[in-house]
Amino acid sequence: MVNVVIFGAPGSGKGTYSAAIVEKFGFEHISTGSVLRAEIAAGSELGKIAQGYMNQGQLIPDELMIDILAKTYDAKKGSKGVIFDGFPRTIAQAEALQSMFKERGEKITATLNLNVEEAELLRRLLNRATIEGRADDNEETIKKRFDVYNKQTSPLIKWFKDLGVLYDFYYKGSKDVMIGEIIAKLDELCQNQTL
């Protein structure tokens, strides 16, 4: 199975590009936020444990998140491929994800790194805040999120590169051009039977 990780700073378009890949290739989309909400709504044992952490304002431990993702991943067995969106966010999470794949005879096959200028990311997030009325998306909060991303998540770029699965994409003013480049690269990888 094709296992794609889509990766980038807040506002880089992970959801948008994931949707385009799902439409083109028929992959399954595993978004950590959606997966968590589904487990909680279903009242599963894992969902109840996750809810307990969230109710106390705590981050969900990596082991619990991996258990939830593994359950979701196993339910998608037999599909053409899966896109992980929003996970991993740290090297420890990436190592845990890799272990989960190894246990199933799978591996991370491609990481799509979305590179967007910070000024453009800020513009997008402030615009989204206005449209969606999100009070948490103000300039100060957004800059804190960028800071967290730069400190905790960006070290993953080297980790994925060392693994030999990192593919960089640069936003140059057109979402459609970037979608085209991503799809062309995944097509090429499929034809070369790398995936």
Side-chain angles (χ1 to χ4, degrees), residues 1-18 21 27-39 46-47 49-50 52-54 56-74 76 81-118 120-122 125 136 141-171 178 182 185-186 189 194-195:
M1 192 154 73
V2 178
N3 298 301
V4 177
V5 173
I6 195 159
F7 183 78
S12 59
K14 295 182 289 292
T16 300
Y17 298 119
S18 292
I21 294 165
F27 293 172
E28 298 285 343
H29 183 201
I30 298 180
S31 161
T32 46
S34 302
V35 166
L36 271 176
R37 286 189 291 275
E39 285 294 321
L46 290 171
I49 296 167
Y53 281 102
M54 290 162 76
Q56 292 170 35
Q58 294 178 340
L59 289 174
I60 291 163
D62 290 351
E63 305 79 43
L64 177 60
M65 197 65 230
I66 282 288
D67 287 346
I68 291 170
L69 288 175
K71 180 184 169 195
T72 306
Y73 183 77
D74 291 343
K76 301 195 182 297
V82 172
I83 303 169
F84 284 84
D85 168 3
F87 193 91
R89 291 187 183 196
T90 63
I91 288 170
Q93 289 178 355
E95 288 169 345
L97 184 65
Q98 194 179 27
S99 295
M100 183 200 91
F101 283 139
K102 272 187 183 155
E103 286 166 16
R104 289 157 178 78
E106 297 281 350
K107 63 180 181 171
I108 299 169
T109 45
T111 300
L112 312 176
N113 184 25
L114 310 176
N115 295 279
V116 184
E117 294 285 334
E118 201 165 284
E120 171 65 13
L121 294 172
L122 184 61
L125 291 168
D136 61 324
T141 310
I142 291 166
K143 286 188 171 168
K144 280 183 188 161
R145 286 166 62 200
F146 289 159
D147 195 43
V148 168
Y149 172 81
N150 290 328
K151 283 181 183 156
Q152 293 181 6
T153 310
S154 66
L156 271 173
I157 295 169
K158 183 183 183 311
W159 192 88
F160 284 123
K161 195 173 193 169
D162 290 347
L163 201 61
V165 296
L166 185 76
Y167 298 92
D168 280 301
F169 298 92
Y170 295 88
Y171 178 77
M178 199 153 159
I182 290 168
K185 176 50 76 177
L186 286 176
L189 291 172
T194 307
L195 300 185

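Values reported hereafter were calculated over all heavy atoms of this structure, with side chains retained and with hydrogens, waters and symmetry mates removed. This is a predicted model, so every value here is computed, not measured. Numbering of residues begins at 1 and proceeds along the displayed sequence.
Here the rule is side-chain contact (heavy atoms from CB on, under 4.5 Å) with Val5, and of Leu97, Leu166, Ile83 only Leu97 fits it.
Of all heavy-atom pairs spanning Gly81 and Met1, the tightest one is CA-CG, 3.7 Å. The minimum heavy-atom distance linking Ala50 with Ile60 is given by the pair CB-CD1, 4.0 Å. Closest of all the heavy-atom pairs between Pro88 and Ala94 is CB-N, 3.4 Å.
Residues forming a salt bridge (charged side-chain N to carboxylate O under 4.0 Å, His left out) with Lys158 (at least two apart in sequence, or on another chain): Asp162. Residues satisfying the salt bridge (charged side-chain N to carboxylate O under 4.0 Å, His left out) test with Arg37, not counting sequence neighbours, are none. Residues forming a side-chain contact (heavy atoms from CB on, under 4.5 Å) with Pro61 (at least two apart in sequence, or on another chain): Tyr53, Glu63, Leu64. Applying the side chain to side chain donor-acceptor pair (under 3.5 Å) rule to Glu39 yields the partners Ser44, Lys71; only residues at least two apart in sequence or on another chain are considered. Qualifying side chain to side chain donor-acceptor pair (under 3.5 Å) partners for Lys161, counting only residues two or more places apart in sequence or in other chains: none. Glu120 pairs by the salt bridge (charged side-chain N to carboxylate O under 4.0 Å, His left out) definition with Arg123, Arg124, not counting sequence neighbours. Remark: Thr32 engages Met65, Leu69, Phe87 in a side-chain contact (heavy atoms from CB on, under 4.5 Å) (not counting sequence neighbours). Every residue meeting the side chain to side chain donor-acceptor pair (under 3.5 Å) condition with Asp168, not counting sequence neighbours, appears here in chain and number order: Asn113, Asn115. Partners of Ala92 by side-chain contact (heavy atoms from CB on, under 4.5 Å), not counting sequence neighbours, listed by chain and number: Asp62, Thr90. Not counting sequence neighbours, Lys102 has no partner by the salt bridge (charged side-chain N to carboxylate O under 4.0 Å, His left out) test.
Proximity of His29 to Ile21: side-chain heavy atoms (C-beta onward) are nowhere separated by under 4.5 Å. A heavy-atom distance below 4.5 Å is found between the side chains of Leu125 and Phe146. For the pair Ile108/Phe160, a side-chain contact is recorded, criterion being any heavy-atom separation below 4.5 Å from C-beta on. When side chains are defined from C-beta on, Leu189 does not count as touching Val2, because their heavy atoms never get closer than 4.5 Å. Under the 4.5 Å side-chain criterion, counting only non-hydrogen atoms from C-beta, Leu163 is in contact with Gln98.
Rounded to the nearest 0.5 angstrom, Thr72 OG1 and Asp67 CG are separated by 10.5 Å. Between Thr153 atom OG1 and Phe7 atom CZ the span is 6.0 Å, to the nearest 0.5 Å. Note that OH of Tyr171 is 10.0 Å distant from CG of Leu121, once rounded to the nearest 0.5 Å. We find the CD-CH2 distance between Gln93 and Trp159 to be 11.0 Å, quoted to the nearest 0.5 Å. From Ile182, atom CD1 reaches atom CD1 of Ile6 across 5.5 Å, with rounding to the nearest 0.5 Å.
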Query raised in the report: side chain to side chain contact (heavy atoms under 4.5 Å, CB included) between Met178 and Leu114: does it pass, once the steps are laid out?
Result: CA-CA 9 Å; Met178 199 153 159; Leu114 310 176; 3.7 Å; yes
Query raised in the report: Please walk me through it: do Val4 and Val82 pass side chain to side chain contact (heavy atoms under 4.5 Å, CB included)?
Result: CA-CA 6 Å; Val4 177; Val82 172; over 6 Å; no
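Within the structure, side-chain hydrogen bond (donor to acceptor under 3.5 Å, both in side chains) contacts touching residues 3-16 (residues at least two apart or in different chains) are Asn3-Tyr73, Asn3-Glu106.
Side chain of Arg145 to main chain of Thr141: no donor-acceptor pair is present (N/O by atom type, distance under 3.5 Å, no hydrogens or angles).
Taking the six-membered ring where the residue is Trp, Phe101 and Phe84 present perpendicular rings, their angle passing 60° and hence far from 30°.
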